[in-house]
Enquirer: 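Mind looking over this structure? Questions follow.
Counting starts at 1 for both ligands and their atoms, in listed order. Quick note: residue numbers are just sequence positions, from 1.
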Amino acid sequence: MNIIFFGQQGAGKGQYAQHFGKYGFAHISTGELLREEAKNKTKIGRKIEKTMNEGKLVLDDIVADVLKRKIEGCEKFILDGYPRNMKQTELLEKILEHLGRKIDLAVNFVVSDETSLERLGSRRTCSICGWVCNLKNIPPKVSGKCDECGGMLYQREDDKPEAIKKRIKLYKKEIKPVLDFYRKILVEVGADRGHEEVIKDIEEIIRKCATKEQLS
Ligand code: AMP
């Protein structure tokens, strides 16, 4: 079973995808994959880093290439941050068709812009393993340190207010036709609520979808 998590910045889809790793889903975050590439200070890595710091989208072909390599090695996955526009949707469908696979479920986490700005402003990321936390809702056990590996937590350049506003505007414009494309398998979940409530809803949605898959 393969799933896409949609949601504007700060909806929490990354943390929910991280959570569902315990059910054996690989969490594929294109943002994380690109940050990894950016760490390699190659020509392409530096280009990616510059684009990300400006709050802009990385070129579709670059993202598709990184993504394809990752999907090939995963048995079942949750996609987080991809696809973000129609060109990426077409590229994803091509990659999946080539691998004889498909998307079974799409979940859209819906939040207000106010929630997005507030949550991203207090989001911190581990400089070593990419673990993500929120200083207000899910703070780290030790201040400034990653719960998973003890690495130093930092605020991403693109989580600063001006970059966030730019990212939300771009996201809304480009995601609309993508959500239409997946409407037959799309479920909306209100994500302005607490973490536990949202998790319960997603568990139920995934359970129903898995049962339907087994019956068909
Ligand atoms: P995220 O971690 O999903 O918030 O993504 C952080 C940044 O990574 C974005 O602002 C983009 O610069 C880049 N990025 C992530 N996913 C994509 C994508 N599907 N297409 C293009 N750029 C992406």
Side-chain angles (χ1 to χ4, degrees), residues 2-21 26-40 44-71 77-96 103 106-109 111 113 115-134 153-179 181-182 191:
N2 302 310
I3 307 175
I4 305 177
F5 276 4
F6 290 108
Q8 73 180 39
Q9 291 73 9
K13 60 183 167 32
Q15 285 189 346
Y16 297 124
Q18 206 163 269
H19 172 90
F20 282 94
H27 171 197
I28 305 183
S29 152
T30 42
E32 202 46 53
L33 291 177
L34 291 167
R35 273 187 288 282
E36 278 302 310
E37 286 288 322
K39 269 190 206 157
N40 309 324
I44 190 84
R46 277 198 294 269
K47 206 168 154 186
I48 291 173
E49 188 176 30
K50 185 170 178 290
T51 312
M52 289 178 82
N53 286 347
E54 289 169 354
K56 294 181 187 157
L57 288 184
V58 176
L59 288 177
D60 290 334
D61 290 339
I62 296 180
V63 192
D65 184 51
V66 176
L67 181 71
K68 183 165 182 278
R69 279 185 266 142
K70 184 74 185 177
I71 285 184
F77 58 79
I78 296 179
L79 264 184
D80 158 21
Y82 197 95
R84 269 175 148 97
N85 55 37
M86 273 318 283
K87 168 94 188 290
Q88 292 189 357
T89 306
E90 283 156 20
L91 286 169
L92 172 65
E93 290 299 319
K94 248 190 224 158
I95 292 172
L96 293 173
I103 298 295
V107 181
N108 186 24
F109 296 92
V111 284
D113 290 358
T115 303
S116 288
L117 281 162
E118 197 190 307
R119 285 189 185 160
L120 261 65
S122 51
R123 179 160 84 172
R124 296 295 181 270
T125 304
C126 175
S127 53
I128 296 175
C129 73
W131 181 77
V132 176
C133 70
N134 189 294
L153 298 176
Y154 75 108
Q155 181 173 39
R156 280 163 39 186
E157 274 309 310
D158 60 346
D159 276 350
K160 299 191 172 157
E162 276 323 299
I164 298 173
K165 285 183 197 156
K166 214 189 273 179
R167 287 164 64 201
I168 292 177
K169 201 168 159 200
L170 182 68
Y171 178 82
K172 282 188 175 163
K173 186 174 135 217
E174 305 225 296
I175 209 66
K176 207 177 165 301
V178 179
L179 295 176
F181 180 87
Y182 288 109

Enquirer: At a 4.0 angstrom heavy-atom cut-off, what protein residues surround ligand 1?
Expert: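 Near ligand 1, by chain and number: Thr30, Gly31, Leu34, Arg35, Met52, Lys56, Leu57, Val58, Val63, Gly81, Tyr82, Arg84, Gln88, Arg156, Asp158, Arg167.
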
Enquirer: Which atom pairs, one a donor and one an acceptor, fall under 3.5 Å between side chains of residues 125-133 and the rest of the protein, sequence neighbours left out?
Expert:
{"from": "Ser127", "atom 1": "OG", "to": "Met152", "atom 2": "O", "distance (Å)": "2.8"}

Enquirer: Taking NZ, NE, NH1 and NH2 as the nitrogens, is one of them in Arg46 or Glu49 under 4.0 Å from a carboxylate oxygen of the other?
Expert: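 A salt bridge is absent here (no side-chain N lies under 4.0 Å from a carboxylate O).
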
Enquirer: Sub-3.5 Å donor-acceptor pair from the side chain of Ser122 to the main-chain atoms of Asn134, do we have one?
Expert: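 No; zero donor-acceptor contacts below 3.5 Å.
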
Enquirer: For atom NZ of Lys176, decide whether the heavy atoms of other residues, nucleotides or ligands shown that lie under 6.0 angstrom number more than 12.
Expert: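 Not buried by this count: 12 neighbours or fewer within 6.0 Å.
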
Enquirer: Does a donor on one side chain and an acceptor on the other come within less than 3.5 Å for Gln18 and Asp80?
Expert: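 No, Asp80 and Gln18 have no side-chain donor paired with an acceptor closer than 3.5 Å.
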
Enquirer: Taking 4.0 angstrom as the limit, do Asp61 and Lys87 come out as a salt bridge?
Expert: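 Yes, this pair counts.
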
